[in-house]
Amino acid sequence: MKKTIWPAAATLAGFLAYFILRALPAGRFHEQGFRNLLAFCYALLGMTTVRACSYLIFDILYLKRTGREAPGLLKIMFSLVCYSVLVMLIFGLVLKYDVTGLVATSAAVSVVIGLALQDTLGNFFAGASLHIEQPFKIKDSIRFAGQTGEVETVSWRSTTIRTQHNSLLSFPNSLLAKEPIEVFPYEGLHRHSVSFSAPCSVSPQSVITLAKKALLNLPNVSYEAQPTVELSGFGQSSIDYVALFWVKDYMKVGDTSARLKERLWYAFYRENISMPFPTRHILLNKIKPEDDQCRTGAHYRSAIEGVSIFKPLTSVEKDALLTNSRVRLFAPGEFMVRSGEAGDSMFIIGRGRAEVRVCSNGVHSTIAVLKKGNFFGEMSLFSGEPRNADVVAAEESEVLEIGKLGIEKLLRENAMLAKAFSRTVTERLAALEEHAGQVRRREQIRVEEGKFLERIKRFFNLG
Ligand code: CMP
């Protein structure tokens, strides 16, 4: 607004001088002198008007509507057009010149100037096209020619960005118009990823859970969309992961990544997970089978202890059971047992949760949720029939798979075991049938239990 004060004051003074001189006795001044003074006054008036309009349009209306400062080039172009019209009007209407000649002369001058200022004009028109197309605006962040920064100004010649190091980088507009530019809009969210690695010995679910926790409440991260962590590949000495999240301010993406990596380090440290580094294993000794068993024994003996049916077993019998079993790890959502498949083993859940799912009339439903210490898969194992339900890991789950051989030996040695199993199987069968719409009476269940016991005995050739 300040810029309009002096032309306005000068306009007033000019017109005052003009009217005073006009009022003086005639003949003192030449008529041409009056015309020139009037043209000068009109030029000042035009200048005041153009500046006032520019202030009103760009500094008030544009700012209010877009919330950003108007680009300098737009202001210059507006002034240029207004002043050209003003000059034409003053020359034509006030000074009574033949403006057609002026237009012709200016065309010739334009050619000469155009040739001399090829590059400058190239930048000018590229700048003009940038303003019309508006591929980016002031305050947006852009990546161009390997440099990233926030757009500060777009002038008629160049575009200036402020980099993360607070330095200013200026690109000629003609260059920006030719090459691809990556734009990160000021008010949008931007997806960003951070890659990291974890040791192969730590299960993906544990790492993903840890990393998701590390991603919580990070500054500059938007939680409108859930951050995710995915396994991206298997490295030579590690498993690679990628954390994907949305950031609000693209210029702070470096800080956000650094914060996340720092948090990952602490999370790993708390869980005793060492950061992977290139390693090479040279096996000098063959691992003895007992060592392997020992690991299994130490970890999974407790799983067997937790199963009520196995409670009456002696310590030797429990050890024998372990010898014929193996540990299996399942990811969340993985099928541990599929309905209709043949099966000759049963499973004890050592860690995690499993859902027993059945499908009746095309509708899938969960009929039971099994936890640590529960077992499944015994029905096929004892009857030799296909699996009668799907068993799916509801979370990362570790199970002990016991083969037919291990169970057979136990059943021979422990008569009570077959009875206990036939009770569980009959109860589960009743639940399955109930789900399918058939309700059985208690006495009926007891009869079935006796029948199943006979079946077990026949199947395993028990006396
Ligand atoms: P199997 O038929 O070998 O395979 C599917 C398993 O799901 C089945 O053995 C049982 O162990 C288990 N199962 C079936 N019905 C139920 C139920 N109602 N409650 C718990 N587990 C069940």
Side-chain angles (χ1 to χ4, degrees), residues 300 303-304 306-311 313 321 324-395 397-408 410-411 417-442 444-449 451-460 462:
Y300 304 104
I304 293 184
V307 181
S308 54
I309 283 182
F310 293 143
K311 280 255 154 71
L313 299 186
L321 202 58
N324 287 295
S325 52
R326 59 179 176 147
V327 178
R328 300 184 68 191
L329 184 66
F330 291 92
E334 248 193 300
F335 279 67
M336 304 200 244
V337 151
R338 268 182 204 274
S339 171
E341 273 179 1
D344 59 357
S345 60
M346 62 172 282
F347 304 82
I348 297 172
I349 301 178
R351 179 165 66 82
R353 240 166 5 102
E355 287 179 1
V356 182
R357 294 183 193 165
V358 288
C359 174
S360 86
N361 301 328
V363 181
H364 293 267
S365 45
T366 301
I367 56 160
V369 178
L370 306 175
K371 291 178 287 194
K372 182 180 173 183
N374 292 153
F375 59 85
F376 60 91
E378 77 295 341
M379 291 187 174
S380 290
L381 175 66
F382 293 134
S383 63
E385 283 182 6
R387 304 280 188 201
N388 61 17
D390 292 327
V391 184
V392 185
E395 57 193 58
S397 304
E398 214 165 38
V399 294
L400 193 66
E401 185 176 10
I402 306 170
K404 192 175 173 183
L405 224 75
I407 286 290
E408 196 171 6
L410 277 185
L411 290 176
L417 207 58
K419 224 172 171 192
F421 270 124
S422 54
R423 191 170 309 130
T424 310
V425 170
T426 327
E427 273 167 19
R428 286 184 173 179
L429 274 174
L432 278 174
E433 282 169 8
E434 198 178 315
H435 186 77
Q438 301 170 18
V439 181
R440 277 202 268 172
R441 287 204 310 278
R442 204 165 262 286
Q444 228 177 327
I445 295 174
R446 202 140 305 137
V447 175
E448 294 290 330
E449 198 180 306
K451 279 190 194 162
F452 200 83
L453 182 60
E454 287 310 311
R455 201 165 164 186
I456 293 180
K457 285 181 178 166
R458 267 201 311 279
F459 190 63
F460 287 96
L462 305 176

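Counting starts at 1 for both ligands and their atoms, in listed order. In this chain, numbering begins with 1 at the start of the sequence shown.
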Minimum distance, heavy atoms only, to atom 13 (N) of ligand 1: which one of Val337, Asp344, Val356, Leu429 is it? Val356
Out of Glu385, Glu427, Arg428, Arg387, who gets a non-hydrogen atom closest to atom 21 (N) of ligand 1? Arg428
Could you list the atoms of ligand 1 found under 4.0 angstrom from a heavy atom of [X]?
X	value
Phe376	11 (O)
Ala368	19 (N), 20 (C)
Glu378	9 (O), 10 (C), 11 (O)

Nitrogen or oxygen of Gly377 less than 3.5 angstrom from that of ligand 1: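 Yes - when backbone and side-chain N and O of Gly377 are compared with those of ligand 1, one distance drops under 3.5 Å.
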Search all heavy atoms of Asn388 against all heavy atoms of Leu432 and return the closest pair with its distance.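 Scanning both residues, the minimum pair turns out to be ND2-CD1, 3.4 Å.
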Between Thr426 and Glu448, is any side-chain donor less than 3.5 angstrom from a side-chain acceptor? no
Is the shortest side-chain N to carboxylate O distance from Glu341 to Arg387 below 4.0 Å?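 Not counted as a salt bridge, because no side-chain N and carboxylate O are separated by less than 4.0 Å.
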Who are the ring pair (Phe, Tyr, Trp, His ring centres under 6.0 Å) partners of Phe376, not counting sequence neighbours? Phe347
Proximity of Val391 to ligand 1 by residue part, where a heavy atom lies under 4.0 Å: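 Within the 4.0 Å criterion, Val391 contacts ligand 1 through side-chain atoms alone.
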Tell me, do Phe375 and Ile402 make a side-chain contact under 4.5 Å, heavy atoms counted? no
